[in-house]
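First up is the structure itself, then whatever we jot down about it.
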Amino acid sequence: MSAALVFAVFAVTLIAAAVFFLFYYQTWRRERELRGPFPKSWRRHLESQVPLYRILSKHLKQALEQRVQLFLAEKEFYGCDGFEVDESVKLTIAGHACLLILARTYSDFDDVRSILVYPDAYHVRGVQSDGMVVSESHEIRAGEASSRGQVVLAWKECKQAAGNPHSSHNVILHEFAHQLDYLDGTADGAPPLSGEQAGHWQHTMTKAYEDLRHSLSHHHKPWLDPYGATEPAEFFAVLTEAFFQQPGHLKDEQPEVYKALQGYYRLDPMNLSDEPAMP
């Protein structure tokens, strides 16, 4: 066996051993974290600031608490523009974000590393180049997500979402839906799926997206927040908001879309009090 081949085998073995160690270390660390008690004060905060928590079955409440516990242990929070991120802020954001993985695996949020929180909608300046012409853009945003594992949120918008559980907008759900969309490497409106589920998703969402755009182009009352017609990635994020905030409306208007989301999120927001916890 040549020296180069020996080195290659050694390198592959070393990488495999490192991956194996990291996986089991992470599993061990999370199991250790979950052996600790879930503070009563955290539970009271979820009751007051995460409306859906109040109607969850006992098993789903426990599932949400475990995900919140890991989320707060692993994610870094940063206050921006002088904003102070306290325990209340962290719990409100974590509680809403973890609804998306309530019946999914917690590892769906492994790539989320940091949450930046502004006190209110924030100003973003960008520079665009078109050949010889360079232009500057200015935007006011309430939140954004990045493929680098960063989520930015405006706290004022987060508080409004916590106080209006049936409104069409929830910035936390929206931005963390983008993070799920990024799991396959790009935000294109289709989170990682396979087989028959992927086929159903593609057919259903394409038809619904075009239906929404058609309604808007003909000045009809849309069945979804018009922002969802911007692009497929925003369509998925806005649909996620509707799925958790206004499930009855979405199911009535787009039953196949509701079914596709139900399959992806592995739960039915209209029947959370009896829903068994999923692994």
Side-chain angles (χ1 to χ4, degrees), residues 15 19 22-23 26 67 71 74-76 78 93 96-116 122 124-130 135 137 139 141-154 157 169-213 216 224-244 250 254 256-267:
I15 292 171
V19 170
L22 289 173
F23 173 78
Q26 181 186 68
R67 284 153 176 75
F71 193 99
E74 297 180 1
K75 314 305 179 188
E76 295 289 340
Y78 300 96
I93 293 172
H96 284 267
C98 289
L99 286 171
L100 303 189
I101 55 169
L102 180 57
R104 295 184 57 82
T105 173
Y106 176 78
S107 62
D108 279 353
F109 279 168
D110 278 355
D111 291 341
V112 178
R113 294 178 174 84
S114 58
I115 297 94
L116 280 63
Y122 53 95
V124 177
R125 188 181 71 177
V127 177
Q128 297 177 325
S129 177
D130 183 12
S135 59
S137 63
E139 292 183 34
R141 296 180 183 173
E144 58 189 297
S146 164
S147 59
R148 299 184 301 276
Q150 186 179 84
V151 175
V152 187
L153 298 166
E157 296 288 331
H169 188 53
N170 184 310
V171 67
I172 307 173
L173 298 180
H174 185 103
E175 301 306 336
F176 278 91
H178 281 315
Q179 289 294 353
L180 295 177
D181 199 358
Y182 275 125
L183 283 174
D184 58 2
T186 181
D188 56 5
L193 297 166
S194 61
E196 186 177 330
Q197 188 180 27
H200 178 254
W201 182 280
Q202 180 68 25
H203 172 76
T204 301
M205 295 305 181
T206 299
K207 183 176 182 297
Y209 181 64
E210 293 304 324
D211 177 68
L212 178 62
R213 290 170 64 88
L216 290 170
L224 188 71
D225 182 340
Y227 188 61
T230 308
E231 57 181 82
E234 297 302 343
F235 186 60
F236 171 58
V238 174
L239 277 178
T240 293
E241 293 178 82
F243 183 66
F244 285 94
L250 182 60
Q254 295 285 331
E256 284 302 308
V257 168
Y258 190 88
K259 182 179 178 181
L261 289 167
Q262 194 177 349
Y264 175 70
Y265 285 112
R266 303 174 187 171
L267 50 73

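Scope of the values below: all heavy atoms of this structure, side chains included, with no hydrogens, waters or symmetry mates. Counting begins at 1 with the first residue of the sequence.
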Asp181 side-chain N/O to Gly189 backbone N/O, donor-acceptor pair under 3.5 Å: yes

Side-chain (Glu175) to main-chain (Ala145) donor-acceptor, under 3.5 angstrom: yes

Spatial distance of atom [atom1] ([X]) from atom [atom2] ([Y]) [nearest 0.5 Å]:
| X | Y | atom1 | atom2 | answer |
| --- | --- | --- | --- | --- |
| Arg141 | Glu157 | CZ | CD | 14.0 Å |
| Gln254 | Leu261 | CD | CG | 10.5 Å |
| His174 | Gln179 | NE2 | CD | 11.5 Å |
| Leu173 | Leu239 | CG | CG | 12.5 Å |
| Ile172 | Leu99 | CD1 | CG | 9.5 Å |
| Glu231 | Asp188 | CD | CG | 10.0 Å |

4.5 Å side-chain heavy-atom contact, Glu256 and His200: yes

Beyond-backbone contact of Asp211 with Lys207, side-chain heavy atoms, under 4.5 angstrom: no

Parallel, tilted or perpendicular: rings of Tyr258 and Phe243 (30°, 60°): tilted

Ring geometry between Phe109 and Phe71 (parallel below 30°, tilted from 30 to 60°, perpendicular above 60°): perpendicular

Give the minimum heavy-atom separation between [X] and [Y], together with the two atoms involved.
| X | Y | answer |
| --- | --- | --- |
| Ala177 | Phe236 | O-CE2, 3.3 Å |
| Tyr122 | Ala142 | CE2-C, 4.0 Å |
| Asp225 | Val238 | CB-CG1, 3.7 Å |
| Pro192 | Leu183 | CG-CB, 3.5 Å |
| Ala233 | Ala187 | CB-O, 3.6 Å |
| Leu180 | Leu100 | CD1-CB, 4.0 Å |

Residues Arg213, Tyr209; criterion side-chain contact (heavy atoms from CB on, under 4.5 Å); working and verdict: CA-CA 6 Å; Arg213 290 170 64 88; Tyr209 181 64; 3.3 Å; yes

Flag for Glu144-His178: side-chain donor and acceptor within less than 3.5 Å: no

Aromatic Tyr264 / basic Arg104 pairing, under 6.0 angstrom, 45° off normal: yes

Option among Ile101, Ile115, Thr240, Val171 that satisfies the side chain to side chain contact (heavy atoms under 4.5 Å, CB included) test with Phe176: Ile115

Derivation and outcome, side-chain contact (heavy atoms from CB on, under 4.5 Å), residues Phe244 and Asn170: CA-CA 9 Å; Phe244 285 94; Asn170 184 310; over 6 Å; no

